[in-house]
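Encoded as structure tokens, the structure appears first; notes follow it.
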Amino acid sequence: MRDGRVRAADVPGAASRAGRTVSAPHDRVGHAGGGGGAGVARRAGSRLLAVLGVAMSRQTAVRSLLSLPLPVRPTPEVIGVDDFALRKRHRYATVIIDAVTRERIDVLADRQADTLEAWLRAHPGVRVVCRDSSGAYAEAIRRALPDAVQVGDRWHVWHNLAEAVVKEVAAHSLCWGKTGPPPKEGVRTATTRERWRQVHALLDQGVGLLECARRLGLALNTVKRYARVSEPERLVRVPKYRPTLVDPFRDHLRRRRAEDPAVPVQRLLVEIKKLGYTGSQNLLYRYINQGRVECDRPAISPKRLAGLLLTEPGKLKEHHAERLDAAIAACHEMTMLAGLVRGFAALLDPKQGNDQLLTAWIERARQVDLPHMHAFTRGLDYDRAAVDAALTLPFHNGGAEGVNTRTKMIKRQMYGRAGFELLRHRILLG
């Protein structure tokens, strides 16, 4: 007030130093939408601020949000690290949280090992790091914090097991699929058996996998898939049938065809239409020709059956439990697979001694002729220390996964025009 006039800037809390915008509306930017400005980006934020009585353009709202100070939090002893996509399959970033309180600590612009290593060296005091199966994160933690405990994510371990189980169930589909529609003996099945014979003939002569692929003109992974199975029948899959409009009337069709095997399809069509069938005659023809009427049980896909196998037994419906029991009893390998799945599920409740039980579980899995489960156990060996910590310690990376879920919502609101700086600001203010 050098010239005797009072300006807004001379009144504490009334305006910014430039005197153009008042500070109170800017303070509302941090609370509009809740959670540290979760809804103030661009047009949506401008409209919300107008409802609160603040006239502010979308560009000013973004600048105001970026001017808000980020919270300063001490480096926790237990952190969670996970990546999220900035542009799927092209660019990724890294979020770091407090694995105990789930507070956001920092957001890194990529998921490279060097970037995380530099952050860990600049923030000493971390003792435990929860992560997924990322090799880059594991290497960064080993270099920056060689004495820190790395904890794998139990969800990812179970997910990897589920993928192996789906493959094993599909490999034994001829066993548990005997009560369902018969497999199609077509050109594809004949080709599969012939390729299996060619691959194993070369392997018996001492030819390597890569040379087998070159001689047969197949991809290396295809040769590996043929080489790991002991008999060609494990490569034959049961037919994949989707649910149709005929399914609710299957029992009626089965009873009528048992009474009169020569009953015309047109008559069956009239009968089930009276019962409520709304499909076509061609659909009924195809359903009957596929053998889906005479089979003991309706068709089920390997993925669906694996889902029943991976479900807690107490949560299965009665007819699902009966179907699963019949599939498990179909062959010795399916019985052993069910026992391995239930044994591993018991280890997911972290407690001391689970690491020793995991060792016994791996030895038991390797004694059974289940190649895909063998591959899963090899994956456990590659990251065994982190898996042991996941099964014995109470820490996990679920908080980071939750932050990533909320980040997807933020990205849908504003990311793509505002850039990484604003995205990082909104994640840390949330």
For Trp176 and His172, which I'm curious about, is there any donor-acceptor pair between the side chains at under 3.5 Å?
no
How about Arg111 and Ser134: does a side-chain donor come under 3.5 Å of a side-chain acceptor?
no
Side-chain H-bond candidate by donor/acceptor type, Asp82 with Tyr137, under 3.5 Å:
no
Closest non-hydrogen atoms of Ala136 and Ala113, given as atom of the first, atom of the second and distance, are O-CB, 3.4 Å
Show me the donor-acceptor pairs, under 3.5 Å and distance only, between side chains in residues 325-340 and residues at least two apart or in other chains.
from, atom 1, to, atom 2, distance (Å)
Thr335, OG1, Ile328, O, 2.7
Thr335, OG1, Cys331, O, 3.1

Which atom pair, heavy atoms only, marks the closest approach of Thr392 to Gly353?
CG2-N, 4.4 Å
Please find the pair of heavy atoms, one from Glu168 and one from Pro371, that lie closest to each other, and give the distance.
OE2-N, 3.1 Å
State which residues pass ring pair (Phe, Tyr, Trp, His ring centres under 6.0 Å) with Trp155; sequence neighbours excluded, sorted by chain then number.
His159
Indicate yes or no: at least one non-hydrogen side-chain atom of Thr377 is less than 4.5 angstrom from one of Arg366.
yes
Would Gln367 and Glu363 count as having a side-chain donor-acceptor pair, cut-off 3.5 Å?
no
Given Glu259 and Arg256, is the salt bridge (Lys or Arg N to Asp or Glu O under 4.0 Å) satisfied, shown in steps?
CA-CA 5 Å; Glu259 296 172 353; Arg256 289 288 287 114; 3.7 Å; yes
Could you note down all residue pairs passing side chain to side chain donor-acceptor pair (under 3.5 Å) where residues 122-132 supplies at least one of them, sequence neighbours left out?
Glu77-Arg127, Arg131-Gln150, Arg131-Asp383
Report yes or no: do Thr359 and Arg384 form a side-chain donor-acceptor pair below 3.5 Å?
yes
Evaluate salt bridge (Lys or Arg N to Asp or Glu O under 4.0 Å) for Lys167 paired with Glu163, printing each intermediate quantity in order.
CA-CA 7 Å; Lys167 295 176 181 178; Glu163 291 182 337; 5.9 Å; no
Closer than 3.5 angstrom, by distance alone: can the side chain of Arg154 be matched with the main-chain N or O of Ala390 as a donor-acceptor pair?
yes
Are the side chains of His252 and Ile272 in contact, using a 4.5 Å heavy-atom criterion?
yes
Going by the side-chain contact (heavy atoms from CB on, under 4.5 Å) test, name the single residue among Thr94, Asp110, Leu120 that passes it with Thr115.
Asp110
Contact check, side chains of Trp119 and Ile105, non-hydrogen atoms, under 4.5 Å:
yes
Parallel, tilted or perpendicular: which one describes the rings of Phe344 and Trp158, with boundaries at 30° and 60°?
parallel
